[in-house]
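These notes concern the structure reproduced below.
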Amino acid sequence: MGEVVNVLVAVAVVVLVVRWATSGSKESSDAPSPSAALGFRPKNVTPEMVETVHSMFPDIPRDNIRYDLLRTGSVEVTSNKLLERGFLPAPPPAYYTIYPRTAEPSAPAQAASSNNANAAAGSSKPKKSENLLTRYNLESRATGISIGAAPEEVGGKAVWEDSPEKREAALRERKARMILAARERLLAQQAKAKEEAGASSA
């Protein structure tokens, strides 16, 4: 009789251990793997990679940058995409189940400080209409771009620089050249419209 009880207890213990082990594996298997959730095998992305791209393109959300870096695994490829398209697609909802949404605390703080600075400046002196030339300090270069230059020539060929500072400076220079070229084209269009208006009135 005692042996039967011992066998029953042993069987009960084994059943409980097996149930506990299988329930733990089921719970762990319920969580989707990153590859299954995203639809591709994500590359290894470090916070430094995200920060490098975000420093060059501060208007692009960090989640968009990280999602593209998970696909490409390369800061250079992601930056070239941004230069060509001007944006990065937003990650799908499944992305946020694996990577929690990152808060961007610096943007509201910068916006608030710039708004306060603008309000203080506006109260101390009369408002002056600000254009792109004054915003980017390009008044001294306002006549340096030829009107007939093609947009590709104006922006220049994108060259990948070694350091983030050089890349930022190159992007700033391309932006300045494009603004100046657009201004020259606008002035040419205005001059042409004046000539046509003068000819039609005569």
Side-chain angles (χ1 to χ4, degrees), residues 49-69 71-72 74-91 104-202:
M49 293 167 70
V50 177
E51 201 53 45
T52 299
V53 179
H54 191 265
S55 66
M56 291 185 290
F57 305 96
D59 296 338
I60 306 298
R62 283 186 170 85
D63 286 317
N64 296 27
I65 295 170
R66 183 181 290 109
Y67 178 65
D68 194 77
L69 284 170
R71 278 184 174 279
T72 63
S74 168
V75 171
E76 183 176 350
V77 174
T78 296
S79 299
N80 283 341
K81 253 191 220 181
L82 273 165
L83 287 173
E84 291 169 8
R85 300 180 187 173
F87 71 96
L88 288 175
E104 308 222 3
S106 59
Q110 287 174 355
S113 63
S114 65
N115 288 342
N116 291 340
N118 289 343
S123 61
S124 63
K125 60 182 180 180
K127 284 189 177 179
K128 182 174 72 174
S129 63
E130 185 183 30
N131 58 25
L132 289 175
L133 292 179
T134 56
R135 185 184 301 173
Y136 293 103
N137 298 323
L138 300 175
E139 296 94 341
S140 60
R141 298 174 54 184
T143 58
I145 302 293
S146 64
I147 298 172
E152 298 81 18
E153 297 171 7
V154 169
K157 184 177 172 69
V159 177
W160 187 257
E161 300 290 348
D162 297 333
S163 66
E165 293 80 14
K166 287 183 180 178
R167 289 192 287 270
E168 188 175 352
L171 285 171
R172 197 177 296 118
E173 177 63 22
R174 289 183 70 197
K175 184 188 288 185
R177 288 173 61 86
M178 289 182 193
I179 290 170
L180 292 170
R183 177 182 181 273
E184 291 292 326
R185 286 194 297 271
L186 178 64
L187 291 176
Q189 287 175 358
Q190 289 175 347
K192 187 177 178 182
K194 282 183 182 177
E195 288 176 6
E196 290 175 355
S200 63
S201 63

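Side-chain atoms are counted along with the backbone in the values below, which use heavy atoms only and exclude waters and symmetry mates. Just so it is clear, the structure is predicted and the values come from calculations on it, not from any experiment.
Side-chain atoms of Arg167 and Ser79, non-hydrogen and from C-beta on, never get closer than 4.5 Å to each other. With contacts defined as side-chain heavy-atom distances shorter than 4.5 Å, the pair Arg71/Val77 does not qualify. At a threshold of 4.5 Å between non-hydrogen side-chain atoms, the residues Arg172 and Glu168 count as touching. Inter-residue side-chain proximity for Met56 and Leu171 is flagged as met; some heavy-atom pair is nearer than 4.5 Å. Side-chain contact between Pro91 and Asn64 is present, with heavy atoms from C-beta onward closer than 4.5 Å.
Between the CG atom of Leu180 and the CZ atom of Arg185 there is a distance of 10.5 Å, given to the nearest 0.5 Å. For the atom pair NZ (Lys81) and CD1 (Ile60), the distance works out to 12.5 Å, reported to the nearest 0.5 Å. Here the CG-CG distance, from Asp68 to Asp63, works out to 12.5 Å after rounding to the nearest 0.5 Å.
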Between Ile65 and Met49, is the side-chain contact (heavy atoms from CB on, under 4.5 Å) condition met? List the steps. CA-CA 9 Å; Ile65 295 170; Met49 293 167 70; over 6 Å; no

Would Phe57 and Leu88 count as a side-chain contact (heavy atoms from CB on, under 4.5 Å) here? Give the steps. CA-CA 11 Å; Phe57 305 96; Leu88 288 175; over 6 Å; no

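Under the side chain to side chain contact (heavy atoms under 4.5 Å, CB included) rule, Arg66 has a single partner from Val50, Val53, Thr78, which is Val50.
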